[in-house]
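Worth knowing before you read on, the calculation uses all heavy atoms, side chains too, and leaves out hydrogens, waters and symmetry mates. Sequence positions, counted from 1, serve as the residue numbers for this chain.
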Amino acid sequence: MRGSHNSRVPAAPSPTPADDSDETLMLRYASGDLAAFDHLYARHELAVWRFVFRSVKVQAVADDLLQDVWFAVARNASRYEVKARFRTWLFTLAHHRLVDHLRTAKHHTSLDASDDDARSLADTLMADSGFGPMRQLQSREQAAALIAAVEQLPLEQREAFLLQAEGDLSVHEIAEATGVHFETAKSRLRYARASLRAQLKEFAP
């Protein structure tokens with residue numbers, strides 16, 4: 001018996017949670033795998049936080065909203081179905097929580113971005129959204145100008161733009177997340193980019 005045991009071909013190692021897709025991890029979490037939630041949080045926490053922070057402009061509020069979004073993930077886990085990318089579903093939850101907050105908020109503090117924070121946003125916008133009025137930021141002045149330009153966008157345009165830049169969502173996914181038609185989401189993005197290019201034209205290459 002020992003000989004037959006030793007001659008077995010070793011089984012292939014099971015994939016770790018870190019190797020799983022977002023959707024698989026969410027299904028695993030819904031089935032009771034708490035480690036799967038930790039992996040999802042590690043992957044998407046910063047992007048969700050940036051998305052809400054660019055809209056509320058107050059770090060403490062963004063922290064609270066981030067917590068609310070992940071509580072919503074936990075509450076809705078048992079009803080989760082793979083109908084779209086997990087990221088789309090996650091940012092849909094973030095959109096709804098943000099809308100609820102903005103309906104009740106009476107004022108917002110102006111964003112005072114650090115140098116690193118401004119450059120981080122600029123790098124994200126240019127790398128992930130197809131937006132490139134500046135090929136690189138050469139000074140804090142340029143970084144601050146980009147932050148200010150994003151701040152000045154109308155809320156719906158800013159949200160659509162940040163869902164693409166921070167959330168890596170397609171136009172179709174933005175429409176789904178915000179509950180509007182595809183053409184409406186596409187139009188919001190187009191106007192947002194046009195506005196940003198106009199505001200930042202002095203920095204264009």
Handout entry: Sub-4.5 Å side-chain heavy-atom contact between V73 and W89
Key = yes

Practice task
Check whether more than 12 heavy atoms from other residues, nucleotides or ligands sit under 6.0 Å from atom CD of E23, and answer yes or no.
Solution key: yes

Completion exercise
Value for CD (E159) from OG1 (T178), rounded to nearest 0.5 Å, stands at 6.0 Å

Practice task
Check the angle between the aromatic planes of F91 and F51 and answer parallel, tilted or perpendicular using the 30° and 60° thresholds.
Solution key: perpendicular

Practice task
Under the side-chain contact (heavy atoms from CB on, under 4.5 Å) rule, collect the residues that match up with H172, sequence neighbours excluded.
Solution key: S170, E176, F182

Exercise for the section: Quick one: pull up CZ in R54 and CH2 in W49 and give me the separation to the nearest 0.5 Å. Expected result: 6.5 Å

Completion exercise
Quick note, salt bridge (charged side-chain N to carboxylate O under 4.0 Å, His left out) partners involving residues 60-80, not counting sequence neighbours, are D68-R97

Practice task
Would you kindly confirm whether F53 and Y41 end up in one hydrophobic cluster when ILVMFWY residues are joined by side chain heavy atoms under 4.5 Å apart?
Solution key: yes

Problem - For the student: nearest non-hydrogen atoms of L196 and V150, plus distance - result: CD2-N, 3.7 Å

Completion exercise
So CD of Q157 and CZ of R190: to nearest 0.5 Å the spacing works out to 10.0 Å

Practice task
Output the distance between atom CG (L189) and atom CZ (F161), rounded to the nearest 0.5 Å.
Solution key: 8.0 Å

Exercise for the section: Flag the pair R85 / D168 as yes when at least one side-chain heavy-atom distance between them is below 4.5 Å, and no otherwise. Expected result: yes

Exercise for the section: Indicate yes or no: at least one non-hydrogen side-chain atom of F37 is less than 4.5 angstrom from one of R28. Expected result: no

Handout entry: T92 side-chain N/O to T88 backbone N/O, donor-acceptor pair under 3.5 Å
Key = yes

Problem - Flag, side chain of R87 to backbone of L169, donor-acceptor distance under 3.5 Å - result: no

Practice task
Evaluate side chain to side chain contact (heavy atoms under 4.5 Å, CB included) for R43 paired with L90, printing each intermediate quantity in order.
Solution key: CA-CA 12 Å; R43 285 181 186 179; L90 175 63; over 6 Å; no

Exercise for the section: Kindly say whether L27 contributes a backbone atom to a donor-acceptor pair with the side chain of S31 at under 3.5 angstrom? Expected result: yes

Exercise for the section: Kindly compute the distance separating CG (L162) from CD (Q164), expressed to the nearest 0.5 Å. Expected result: 10.0 Å

Completion exercise
Of Q199, R193, R197, the one forming a side chain to side chain contact (heavy atoms under 4.5 Å, CB included) with S195 is Q199

Exercise for the section: Find out whether H101 and L65 are in side-chain contact, i.e. whether some heavy atom of one side chain is under 4.5 Å from a heavy atom of the other. Expected result: yes

Handout entry: F86 and Y80 aromatic ring geometry - parallel, tilted or perpendicular at 30°/60° bounds
Key = perpendicular

Practice task
Evaluate the side-chain proximity of R188 to I174: yes if any heavy-atom separation is below 4.5 Å, no if none is.
Solution key: no

Problem - hydrophobic_cluster_shared for L155 and V56, side chain cutoff 4.5 Å - result: yes

Problem - Hydrophobic cluster identity match, V180 and L98, side-chain contacts under 4.5 Å - result: no

Handout entry: L102-L163 co-clustered via ILVMFWY side chain contacts under 4.5 Å
Key = yes

Practice task
Spell out, yes or no, whether F71 and V69 are grouped together once hydrophobic residues are joined by side-chain heavy atoms under 4.5 Å, including indirect joins.
Solution key: no

